[in-house]
**Q** 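Sharing a structure with you now.
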Amino acid sequence: MAVIAVVGANWGDEGKGKMVDYLAENSHFVVRFQGGSNAGHTVINDYGKFALHLLPSGVFYPGVVNVLGPGVALDIRAFAEEIDSLAQRNVPTPKIAVSERAQVLMPYHKLFDEYEEERLGARQFGSTKSGIAPFYSDKYAKIGLQVSELYDKDLLRSRLTHALEIKNVLLDHLYRKPTLKVDDLVEELSAQAGILKPYVTDTTRLFADALKEGKTILLEGQLGSLRDPDHGIYPFSTSSSTIAGYAAIGAGLPPYAITEVLAVTKAYSSCVGAGPFVTELTGEEGEDLRRRGGDAGEYGAKTGRPRRVGWFDAVATRYGCAVQGATALAITNLDVLGYLDNIPVCVAYDIDGRITKDFPATPLVSKAKPVLKTMPGWKTDISSARSLKDLPKETRDYIEMVERETGVRVKWVSVGPRREQTFKA
Ligand code: GDP
């Protein structure tokens, strides 16, 4: 039995989807426990290239049960469209279960996300406008709706009426937009309930049985440590916890069930959206890295936006691993650095002349300047390496540097975006 949380050690986009797709072959369940269709997990395998948004990255194995846990922001239309898009590309029908306790992302959550960014103008956060912040706000304000509530029409109507009392005041007076009608929403959500019905499951019970039977479960995180609302660069964070500690809650498992926390880190840094990003490269150096990064340049899998890029930030990554409680690391995108004679790495921050290796709270991160050390590059294509011994000494030294700086053992090495470009360290 193993319950492995696969989570991001950085700002997201570390290659979690790729690692989950690789590890899912030997797993019974793959679970999304937080976030929603704002994810963009890139998976490249024999079926082609996919950017999964809401579905867990185990959907390419017909034997794996893919679960959307209670912690997820469930956009039912996006969920159905994603299932259809897999069928259109000849992926065998995956097994999918959705928790009856998951909450439903409402059509108006997307509207509020869009209107709020519009209102903020130049101060906007760079939201993917998938409705995530309004969704989680409503969940904790107790005006959200659980999946199970969709199947009782009177309850549905009364919960929506209650929510719209607040929403319509904001729409009318703050955003100056058309108000919503409860009848329209009841109709739309009843239609969505029908689409969802075959997948609705008591997943908490499912996992209780799975644990007893010693099944292997992968918990697939979205985004990374530095986007966590408690531990990340708040307010430039997401609205749900990206931390392995939350994986137990968002999936519906006891915390002691998690046997491994596999943090995924990129061999350099990338970041989408606003907020302090200490090693950011602008100008030609940044353009060069962005063009070479990932599977087709560093552009958002969800939005297509150019990602901000920079050198490996050991300060942020050590902190990212610590808050995850990482027991092992997967390092991805190592192949990308093969063009460099020398590879700068940020080993400390200079904050107003004070040198520190500790990742500070957000206002000081904004002031930090990177203290760089240079590692020799390997200047060769390593994408066909299939074991550590296929790697040049300089690449192995780089992996050791990551281990030393983070204090976490590197267990997996990824030298390309494809499933088979992965091996044990
Ligand atoms: P996720 O959200 O953590 O699943 O990551 P994304 O899919 O948003 O971004 C990771 C990017 O890196 C995608 O373009 C992947 O195809 C790509 N990728 C993952 N691992 C590797 C690797 O080892 N080498 C290269 N070149 N690209 C990789």
Side-chain angles (χ1 to χ4, degrees), residues 5-24 30 32 34-45 47-60 128 130 218-227 238 242 244 262-273 288-309 312 317 320 324 329-340 381-386 390-391 395 398-399 402 410 412-425:
V6 183
V7 287
N10 313 133
W11 297 262
D13 308 322
E14 297 92 348
K16 298 174 294 294
K18 184 215 148 147
M19 286 310 300
V20 171
D21 172 64
Y22 175 79
L23 296 170
V30 178
R32 281 283 308 274
Q34 41 88 223
S37 63
N38 54 330
H41 292 180
T42 311
V43 173
I44 305 178
N45 55 30
Y47 297 107
K49 175 178 167 176
F50 299 84
L52 295 174
H53 301 301
L54 190 54
L55 296 181
S57 301
V59 286
F60 301 99
T128 61
S130 313
L218 294 183
L219 305 170
E220 179 176 9
Q222 182 218 20
L223 292 164
S225 305
L226 298 155
R227 295 292 187 194
T238 192
T242 58
L262 177 64
V264 185
T265 182
K266 253 186 185 148
Y268 51 92
S269 299
S270 73
C271 158
V272 177
D288 219 11
L289 181 55
R290 182 177 305 108
R291 198 163 33 83
R292 296 166 189 270
D295 68 284
E298 288 289 356
Y299 300 93
K302 172 78 187 172
T303 57
R305 286 184 293 188
R307 290 177 182 152
R308 300 159 74 193
V309 292
F312 180 75
T317 309
Q324 291 291 8
L329 262 180
I331 179 164
T332 68
N333 283 275
L334 257 183
D335 52 300
V336 171
L337 299 178
Y339 70 103
L340 292 159
D381 177 8
I382 57 166
S383 60
S384 51
R386 292 297 175 267
D390 297 338
L391 293 176
T395 320
Y398 195 86
I399 295 172
V402 171
V410 171
W412 299 101
V413 176
S414 171
V415 292
R418 297 188 61 87
R419 195 185 267 177
E420 63 275 12
Q421 291 173 304
T422 319
F423 53 86
K424 230 177 187 156

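When reading the values below, keep in mind they use all heavy atoms of this one structure, side chains included, and skip hydrogens, waters and symmetry mates. Order of appearance sets the numbers: ligands from 1, and atoms from 1 within every ligand.
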**Q** Any nitrogen or oxygen of Gly12, main chain or side chain, under 3.5 Å from a nitrogen or oxygen of ligand 1?
**A** no
**Q** Can you find an N or O of Lys18 that's nearer than 3.5 Å to an N or O of ligand 1?
**A** no
**Q** Kindly compute the distance separating CG (Asn333) from NZ (Lys266), expressed to the nearest 0.5 Å.
**A** 5.0 Å
**Q** Could you tell me whether the side chain of Arg305 and the main chain of Gly273 form a donor-acceptor pair under 3.5 Å?
**A** no
**Q** Scan side-chain atoms only and decide if Thr317 and Asn10 contain a donor-acceptor pair under the 3.5 Å cut-off.
**A** yes
**Q** Distance under 4.0 Å to a non-hydrogen atom of Val336: what atoms of ligand 1 satisfy this?
**A** 26 (N)
**Q** Does Gly8 have a heavy atom less than 4.0 Å from any atom of ligand 1?
**A** no
**Q** Of all the heavy atoms in Arg307, does at least one lie under 4.0 Å from an atom in ligand 1?
**A** yes
**Q** Just so I know, are the side chains of Glu298 and Arg291 near enough to count as touching, which here means a heavy-atom distance under 4.5 Å?
**A** no
**Q** Can you name the atoms of ligand 1, numbered from 1 with element, that are less than 4.0 Å from a heavy atom of Lys16?
**A** 1 (P), 2 (O), 3 (O), 4 (O)
**Q** Is any side-chain heavy atom of Gln222 less than 4.5 Å from a side-chain heavy atom of Asn38?
**A** yes
**Q** Just to be sure I'm reading this right: ignoring hydrogens, which of Gly40, Gly17, Ala51 gets closest to atom 6 (P) of ligand 1? Compare them by their nearest heavy atoms.
**A** Gly40
**Q** Numbering the atoms of ligand 1 from 1, which are under 4.0 Å from a heavy atom of Asp13?
**A** 1 (P), 2 (O), 3 (O), 5 (O), 6 (P), 8 (O), 9 (O), 10 (C)
**Q** Heavy-atom distances under 4.0 Å decide this one: backbone, side chain, both or neither, for Val415 against ligand 1?
**A** backbone
**Q** With heavy-atom distances below 4.5 Å as the criterion, would you say the side chains of Val6 and Val264 are in contact?
**A** yes
**Q** Who gets closest to atom 15 (C) of ligand 1 by heavy atom: Leu334, Asp295, Thr332?
**A** Asp295
**Q** Parallel, tilted or perpendicular: which one describes the rings of Trp412 and Tyr22, with boundaries at 30° and 60°?
**A** perpendicular
**Q** Using only heavy-atom distances, determine whether the side chains of Lys18 and Thr332 contain a donor-acceptor pair under 3.5 Å.
**A** no
**Q** Under 3.5 Å between some N or O of ligand 1 and some N or O of Gly15?
**A** yes
